[in-house]
Amino acid sequence: MRRAERALIQRIQPVRWLLAATVGVGLAECAATVAQAAVFAHVVNGVFLGGAAKADVAPWMMALLAILTVRAGASAGRQRWAGTFARRAKVALRDRVVRHLLALGPAYTRREQAGELAMTVTTGLDELETYLAKYLPQAVLAVGIPLAILGFIAIQDRVSALVLAITGPLLVFFMILIGLSAERITRRQWDALCRMSAHFLDVLRGIVTLKVFGRSGRQGRVIAEMGDQHRKATMAALRVAFLSALVLELFAMLSTAFVAVDLGIRLASGRIPFEMAFTVLLLTPEFFQPIRLLGAQYHAGLSGLNAAGRIFEILDTPIPGLADTADGASAGAGTAPGVAPGIQAERGAGMGAGTTPATATSGAGIRLEVRKVFFRYPDSQKPALSGLSLTVRAGEIVAIVGPSGSGKSTLLHLLLGFLRPESGDILVNGQPLSRLSVACWRQQVAYVPQHPHLFPGTVLDNLRLADPGMDPERVRQAVAAVHAEAFIQRLPDGELTFLGEDVPLSGGQIQRLAVARALAADRPLLLMDEPTAQLDLETEHALQQALDALWGGRTAIVIAHRLSTAMRADRILVMDEGRVVQEGTHDALMGADGLYRRLFSAYRGEVS
Ligand SMILES: Nc1ncnc2c1ncn2[C@@H]1O[C@H](COP(=O)(O)OP(=O)(O)OP(=O)(O)O)[C@@H](O)[C@H]1O
């Protein structure tokens with residue numbers, strides 16, 4: 001059994017009973033097959049050789065009818081159970097892998113190719129369903145049924161049993177030989193498909209850049225080449241599938257013929273009774289049938305098994321941030337609008353060992369303390385944060401400035417729980433962040449990323465993302481604060497306009513909606529990665545005023561690429577090389593000869 005297969009069986013533990021039931025029904029079907037052969041041979045023997053009367057064979061015919069009914073019922077039941085088993089296992093695995101991907105968060109998904117992940121979770125799992133429904137139960141039955149039939153034949157006729165005991169394993173040996181090369185080829189086929197999907201998605205995302213630089217034609221050719229590689233791999237897989245079917249059929253046929261000839265010779269010389277010979281002859285094809293079927297299903301399920309390998313790779317990836325199992329389940333639900341929250345760390349809601357229930361905040365707001373935090377990205381030599389320490393008081397608006405790569409976004413990702421410090425502590429109102437339920441913690445935070453994302457849904461759905469039942473007045477205030485009413489009204493259906501793949505909004509309008517969404521969420525901590533980067537000066541000014549008015553008493557950390565944003569903060573922290581190198585108000589920092597003044601001078605030089 002392969003590694004992916006072993007892992008698969010372990011991970012589908014809750015639905016393993018359905019697999020056992022499928023196999024059980026399959027074995028019952030086998031018993032009916034044996035009984036059918038024996039009864040049929042008895043009837044033929046009685047009618048044609050024994051001269052039995054109608055009345056003598058009538059009970060046997062009834063028995064035969066009953067056996068046929070049982071066999072047909074068992075066959076239908078086996079397929080039904082197998083389908084149910086595969087569907088439930090697939091749904092459970094998809095649920096787990098999607099949850100795990102969400103828990104892995106941006107630190108993982110940004111590293112991987114989105115197209116490949118999407119392929120694995122959609123097509124890959126569908127292929128796995130085929131493997132689970134058709135191949136896996138058949139793999140067990142291909143051992144159980146031939147052994148059971150062999151045992152029965154051995155009781156009847158040792159010579160035929162010996163022939164089957166030699167040819168059966170030979171058939172399996174051929175199957176394994178062909179299977180090994182099929183596995184290699186199918187893996188190549190699956191990899192080619194994933195590469196093509198991932199590349200296609202990348203090209204679609206970067207279509208504007210590719211067109212501007214005149215490279216879209218070249219990328220079209222690359223996709224065509226990838227398509228051709230996939231076609232070649234598919235043809236090779238099909239060739240192996242046909243070859244293996246041919247070899248298995250031929251070998252099973254020859255073995256059956258061999259048994260038949262031997263039975264015929266012995267029958268002619270009177271060394272075996274007719275009834276026994278006929279029973280063995282009827283059962284011989286049934287002996288090979290499960291192995292032949294296994295060979296036929298093998299190719300159908302291999303792609304699914306390849307996808308399973310990738311799925312387990314994802315499931316085995318440790319979560320880089322705080323453990324989170326309640327992302328969708330609890331986040332957003334249950335936070336009553338406007339209620340000043342206290343963070344109740346919940347046992348079992350994604351908390352690590354040693355977590356304790358803790359009230360981390362009170363209505364007084366959120367105080368944050370970052371103590372000597374070190375963090376290094378995997379595969380990176382240089383730490384992104386090296387001994388970062390800072391404090392943000394409850395209700396304070398702090399701006400973080402610093403050169404590109406100084407660790408500002410990394411800090412926000414640590415505060416959001418997407419990453420975990422290598423060493424050092426992050427305290428929320430004195431409680432270590434690592435000991436709080438991450439789902440509860442995220443209910444306290446509103447976040448505006450550097451490149452906000454609008455989800456498929458109406459404008460209103462996007463504004464009420466934190467709580468679909470949000471008070472309409474709160475949404476209206478948030479929209480007014482970012483001066484977004486006018487452009488929303490101009491949309492075809494106003495706030496009910498559906499935003500699909502092709503969002504009919506400018507970068508600045510998307511940013512305004514993202515800020516409004518954060519304001520409407522009404523959470524005690526606001527994290528923003530330069531919210532005004534794409535706003536015109538008038539809207540930026542209005543937004544700053546709105547923030548002052550609406551955000552009174554809330555804690556906010558704002559990464560400021562524009563120094564005009566920094567100037568309005570209560571305090572400015574200047575980061576460089578993963579730590580805070582200066583802090584103070586704008587005037588105090590301008591008075592000192594340091595990085596802030598240099599950044600400010602460069603900024604003034606840029607804008608003048
Ligand atoms: N996913 C990642 N994997 C490896 N290294 C990373 C990753 N993300 C960021 N880094 C590195 O960590 C350091 C800090 O990056 P970070 O994005 O936090 O900087 P920043 O101050 O936000 O930059 P910017 O202002 O350009 O957005 C940089 O050296 C960056 O190259």
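Each ligand, and each atom within it, is numbered from 1 in the order the structure gives.
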Is there any N or O on [X] that sits under 3.5 Å from an N or O of ligand 1?
{"X": "Lys382", "result": "no"}
{"X": "Gly405", "result": "yes"}
{"X": "Ser380", "result": "no"}
{"X": "Gly407", "result": "yes"}

Parallel, tilted or perpendicular: ring planes of Phe600 versus Tyr596, cut at 30 and 60 degrees: parallel
Could you tell me whether Asp191 and Arg195 have a side-chain N and a carboxylate O separated by less than 4.0 Å? no
Is Arg94 salt-bridged to Asp126, cutoff N-O under 4.0 Å? yes
Looking at Phe200, I want to see if its CZ is surrounded by more than 12 non-hydrogen atoms of other residues, nucleotides or ligands under 6.0 Å. no
Tell me if a side-chain donor or acceptor on [X] pairs with a main-chain N or O of [Y] at a distance below 3.5 Å.
{"X": "Asn429", "Y": "Gly365", "value": "yes"}
{"X": "His100", "Y": "Ile311", "value": "no"}
{"X": "Thr555", "Y": "Gly395", "value": "yes"}

Just to confirm my output: which protein heavy-atom neighbour is closest to [atom], and how far is it?
{"atom": "atom 26 (O) of ligand 1", "result": "Ser404 OG, 2.6 Å"}
{"atom": "atom 25 (O) of ligand 1", "result": "Lys408 NZ, 2.9 Å"}
{"atom": "atom 15 (O) of ligand 1", "result": "Thr410 OG1, 3.7 Å"}
{"atom": "atom 9 (C) of ligand 1", "result": "Tyr377 CE1, 3.4 Å"}
{"atom": "atom 17 (O) of ligand 1", "result": "Ser409 CB, 3.8 Å"}

